[in-house]
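First the structure, in the form of structure tokens, and then the observations on it.
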Amino acid sequence: MRETILVTGGAGFIGSNFILQRMEQDSCAVVNLDKLTYAGNLRNLETAANSSRYEFVHGDIGDVRLVRQLLRKHRPGAIVHFAAESHVDRSIRGPADFIATNINGTSALLEQARSYWSDLNESEQAQFRFLHVSTDEVYGSLGPDDPPFTERTPYAPNSPYAASKAASDHLVRAYHHTYGLPTLTTNCSNNYGRFQFPEKLIPLMILNAKAGKPLPVYGDGKNVRDWLYVEDHCVAIATVLRKGRPGETYNIGGWNQKPNLEIVELISNLVDEMVPGRGGSRRELITFVKDRPGHDRRYAMDTRKIERELGWRPKETFESGIRKTVRWYLEHEDWVRAVTSGSYRQWIETHYSV
Ligand code: NAD
Ligand code: DAU
């Protein structure tokens with residue numbers, strides 16, 4: 001029997017990359033439950049839309065009746081849970097949606113998963129997995145000489161976003177410990193690649209550099225993030241789903257720490273190279289702006305557990321991944337035009353005007 005995966009948040013950046021990759025590389029069927037917030041975009045999934053192995057359902061993970069009905073109808077062997085409010089800056093301006101989706105939504109989804117799983121037969125129960133996609137931000141901030149986060153680093157979330165993800169991680173842990181639900185949690189560092197909503201650092205800088213607009217760098221630009229190509233993240237999730245031990249958490253990252261300013265300079269150079277003729281480097285557009293409140297200084301992931309136990313390692317180098325990514329945004333003007341209207345423009349105007 002072909003396995004069905006219920007993916008939540010599959011119209012977002014990582015979820016849509018995951019669905020396309022899995023449908024290409026596996027024979028699984030996918031049911032994609034997504035609320036289509038500002039971050040959800042069905043254009044990302046155009047190539048899967050007509051497949052008999054794919055179904056899109058417009059809805060909220062917190063809609064108990066809908067989720068119950070989907071689970072009973074499709075009888076998935078796994079739930080891969082991406083759905084979340086994911087932007088730190090938005091969580092600082094208004095945490096309520098983050099509490100509603102990341103905490104209450106995950107809680108409702110877990111409860112429906114538990115109820116569905118309890119009614120499966122013994123062998124189906126043993127095979128079922130609930131994979132929760134989380135973030136390195138739950139661990140807080142590192143000093144310059146601190147070792148990278150491991151799976152045993154104590155949680156110390158600093159933004160409303162990180163706190164809401166930490167709460168959801170704890171709920172997932174509790175559902176395994178208390179009820180035996182076969183859960184897996186992945187904590188990943190910053191992703192980059194196609195389909196990322198362009199209010200996050202990398203796509204924002206590519207599009208602003210192309211348009212000759214200011215490149216707004218928060219604070220001194222020395223905050224460090226550990227960047228991973230999104231397709232490597234998707235392979236890691238598939239690997240954990242297949243081989244991970246229920247109840248365990250796995251750190252995922254790129255062993256690729258870079259200060260923000262270096263990323264922005266690199267993007268400026270690549271846009272200069274790919275769209276020549278501006279007369280002067282795009283680096284001149286770099287503008288230091290007011291820092292993000294509570295801005296975590298440094299993230300870095302120790303990924304030796306997933307490497308040792310499951311044999312996953314990132315394949316893409318940062319040099320080739322960032323080049324592909326810049327080219328993708330430059331070549332997909334239709335996609336960019338479609339997502340940079342209405343609410344996007346409003347966010348950019350409000351956020352960068354203060
Ligand atoms: P995203 O913001 O691009 O996409 C989120 C998706 O979830 C959107 O399609 C949105 O419509 C959907 N959604 C939001 N609320 C929903 C709800 N209540 N019910 C159903 N769908 C809902 O996010 P992303 O960057 O793709 O991140 C996906 C997951 O990975 C998140 O859980 C995030 O915390 C985690 N993560 C992201 C990164 C990163 O660098 N982007 C790194 C580590 C972990
Ligand atoms: O670490 C994983 C996290 O990475 C995920 O859990 C989040 O969902 C994802 O959004 C991302 O969070 P960040 O806050 O790190 O991503 P963002 O792209 O918003 O910012 C990356 C860095 O760049 C951060 O230090 C803030 C800085 N920045 C961001 C923007 C949007 C700027 O300097 N200028 C900007 O305009």
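Read the numbers this way: they start at 1 and go in the same order the structure lists the ligands and their atoms. Residue numbers count from 1 along this sequence.
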Taking a 3.5 Å cut-off between nitrogen or oxygen atoms, can you list every pair linking ligand 2 to the protein, with distances?
from, atom 1, to, atom 2, distance (Å)
ligand 2, 1 (O), D136, OD1, 2.5
ligand 2, 1 (O), N190, OD1, 2.7
ligand 2, 4 (O), N190, OD1, 3.4
ligand 2, 4 (O), N190, ND2, 3.1
ligand 2, 6 (O), T135, OG1, 2.7
ligand 2, 6 (O), Y161, OH, 2.6
ligand 2, 8 (O), S86, O, 2.7
ligand 2, 8 (O), Y161, OH, 3.1
ligand 2, 10 (O), S86, O, 3.2
ligand 2, 10 (O), K200, NZ, 3.0
ligand 2, 12 (O), E137, OE2, 3.0
ligand 2, 14 (O), R292, NH1, 2.7
ligand 2, 14 (O), R292, NH2, 3.3
ligand 2, 15 (O), N190, ND2, 2.8
ligand 2, 15 (O), R225, NE, 3.1
ligand 2, 18 (O), L201, N, 2.8
ligand 2, 19 (O), R292, NH2, 3.0
ligand 2, 23 (O), N260, ND2, 3.4
ligand 2, 25 (O), R225, NH2, 3.3
ligand 2, 25 (O), N260, ND2, 2.9
ligand 2, 25 (O), H295, NE2, 2.7
ligand 2, 33 (O), Y218, N, 2.9
ligand 2, 34 (N), P216, O, 2.8
ligand 2, 36 (O), P216, O, 3.3
ligand 2, 36 (O), Y352, OH, 2.5

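- Judged purely by distance below 3.5 Å, without hydrogens or angles, the side chains of Y139 and N158 never pair a donor atom with an acceptor atom.
- A donor atom on one side chain and an acceptor atom on the other are found under 3.5 Å apart for S320 and T317.
- For ligand 1, the 4.0 Å heavy-atom shell contains residues G9, A11, G12, F13, I14, D34, K35, L36, T37, A39, G40, G59, D60, I61, F82, A83, A84, S86, T101, V133, S134, T135, Y161, K165, C188, S189, N190, N191.
- A side-chain donor from one of D169 and Y155 sits under 3.5 Å from a side-chain acceptor of the other.
- Screening residues 22-46 for ring pair (Phe, Tyr, Trp, His ring centres under 6.0 Å), with sequence neighbours left out, gives Y38-F197.
- When only modelled atom types and interatomic distance are considered, N260 and R225 share no side-chain donor-acceptor pair under 3.5 Å.
- N223 and R298 form no side-chain donor-acceptor contact under 3.5 Å, judged by distance and modelled atom types alone.
- No side-chain donor-acceptor contact under 3.5 Å links W312 and D232.
- Ring geometry for Y192 against W227 counts as perpendicular: the plane angle is over 60°, on a 0 to 90° scale with 30° as the lower cut.
- For E46, the side chain to side chain contact (heavy atoms under 4.5 Å, CB included) partners at least two apart in sequence or on another chain are R43.
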